[in-house]
Amino acid sequence: MARNITPRSENYSQWYLDVIKAAELADYAPVRGCMVIRPTGYSIWENIQAKLDLEFKKTGHVNAYFPLLIPNSFLQKEAEHVEGFAPECAMVTHAGGEELEEPFAVRPTSETVIGHMYSKWIQSWRDLPVLINQWCNVMRWEKRPRLFLRTSEFLWQEGHTAHATEAEAREETLKMLNVYRKVFENELALPVIAGEKTAGERFPGAVDTYTCEAMMSDTKALQAGTSHFLGQNFAKAFEIQFQNKSGELEYCYTTSWGVSTRSIGAVIMTHSDDDGLILPPRIAPVKVVILPISRDENTAENILLPKAKELAEKLNAALGGLCVKVDTEFHMRPGDRFFSHIQKGVPLRLELGEKDLQAGTVRFVRRDTGEKFDVNNANVIPEVTKTLDDIQANLFTRAKNFRDANTHDAETYDEFKQIISEKGGFVRAYFAGTPDDEVRIREETGATPRCIPESDAGKTGKCFLTGNNNARLTIFAKAY
RNA sequence: CGGGGCGUAGCGCAGUCUGGUUUAGCGCACCUGCUUUGGGAGCAGGGGGUCGAAGGUUCGAAUCCUUUCGCCCCGACCA
């Protein structure tokens, strides 16, 4: 048992903060709502970035950078967009020692500036599609910040594309939604439900919003990534027009999609336990740590350490990276050394001691299950690869089983209320309500519609609230 | 923005009601040494704070008064 981490069952939010602190992922910044992402946390982000970026490139996107400051007038151009973002915008009113004529918003998202630029760049159908992504920071003034989940400034990626036809833009929106789903499932080991947002949960200015929803280990939902079909809303506000093959002027159809550092919060809350962080091998900064252990300093440093280093080199070569570390903290006792890696979520620990040396084996200890076993020297490398794959798969399966076990069906509002208040988790129900109905449900139960799962897109039934037919199967939950 | 709480060492706290006997204390962490060492050791020694800030009352203030700044929790709000 970790002594510096509040048990999850005792106080979930405190547990979450303790895990972050113990793993040295982040710290509070001097400005309220802002956080410092420490090297370990940032390294996880770099890994997530690398996985996403590769997928973006594979689907034909390129990276660019747009400015941090956005003229306030830009945000005003799309009616719903202003309304949605005005309250959380930070404004720069002074610069160069003078008050500015027009305040600049610190970007809360870049649809507007990018729309403005696209209108200049796009003239002809030959210029389309435009498929650009940017990695950057954004600012949304939050009244109730939480590390990684909701901070005033955060890092993300925002893709912005422009297309000639609605069909193509819709295809892009769903394509990127599925890129997200794939990366979440395969790399972050997060089982997510990909689907459409209901009207009340839509992005301000979007025609349709899609999301990947994950369940945290307290059974609350977390939106891990979103993809928006913006129709011609922004194209009209920013005059993004092109001449089609017949010479007529048409408005483009645009999309935008994003994943932020919030996804790190999702990883933490999905996989970790009372001992601290647990990371899926594929995004872990350190996948394997090797600990030479001996009570005799000479043996430890002159016999075991060289062996450990040699093994680390081979493993790094085999795993293709710098993800294997040798622990040389000989001044610490073994227990302390174990815990430091346990709390940082290192997936696999290899212990190399005198007993192992004599037996010609290496001791393996899995972070996810705590399981220990000895492996013959000759088999260490393939066994490491196999174990890491097992851990990755186990984390995903474990999370998926948990989610499925905490997903329930409701046919009536009474049943719905009872499940939300007594069991929590996800509730699947047919829903055909309006945004006002969504507000009512939220006020009465605390739950909100999370998404209409893509996998059940064709299913319709009778609405649990209004009784209307042709309601769509919708997932509800309390959410972060 | 409404309700509640809190600012004393890196972290967590006691001391504040009943000003002076505290050169401001404790636990963890940190430093040194010895013994330990395969899931968080023990002993000994040691460094570090001027008590969020400003002003006031007093012979004397971490303790009382005024102002101010900041943070946390609950609520409202929120991609």
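- H228(A) and T209(A) share a side-chain donor-acceptor pair at under 3.5 Å.
- Spacing between atom CD1 of I293(A) and atom P of G40(B) amounts to 12 Å, rounded to whole angstrom units.
- Across all strands shown, L291(A) has no heavy atoms under 4.0 Å from either base or sugar-phosphate atoms.
- For A14(B) and A76(B), the C1' atoms lie 36 Å apart once the distance is rounded to whole Å.
- The aromatic rings of H116(A) and F74(A) are tilted relative to each other, their planes meeting at an angle between 30° and 60°.
- R333(A) has no side-chain polar atom (N or O) that falls below the 4.0 Å cut-off from OP1 or OP2 of U37(B).
- In this structure, F338(A) forms no aromatic stack with the base of G39(B), since the conditions of centre separation below 5.5 Å and plane angle below 30° are not both met.
- Taking atom NZ on K21(A) and atom P on C28(B), their separation rounds to 16 Å, with Å as the unit.
- Annotation: C51(B) and A24(B) have their P atoms spaced 11 Å apart (nearest Å).
- Taking the six-membered ring for Trp, Y180(A) and Y210(A) have ring centres at least 6.0 Å apart.
- Separating the C1' atom of G55(B) from that of A61(B) is a span of 14 Å, rounded to the nearest Å.
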Contact state string [nucleotides 69-79 of chain B, B base, S sugar-phosphate only, - no protein heavy atom under 4.0 Å]: --SS-BSB-BB
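- Within residues 349-362 of chain A, the residues having any heavy atom under 4.0 Å from RNA chain B are, by residue number, R349(A), E351(A), G353(A), E354(A), K355(A), D356(A).
- The partner of C26(B) is G12(B), judged by Watson-Crick or G-U wobble contacts that both fall below 3.5 Å.
- Taking the six-membered ring where the residue is Trp, the centroids of H160(A) and Y118(A) are separated by 6.0 Å or more.
- Among the heavy atoms of the strands lying under 4.0 Å from K372(A) is at least one base atom, whether or not backbone atoms are also near.
- As judged by a 4.0 angstrom heavy-atom cut-off over every strand, R337(A) is placed among residues making no nucleic acid contact.
- The interatomic distance linking I290(A) (CD1) with G38(B) (C1') rounds to 16 Å, in whole Å.
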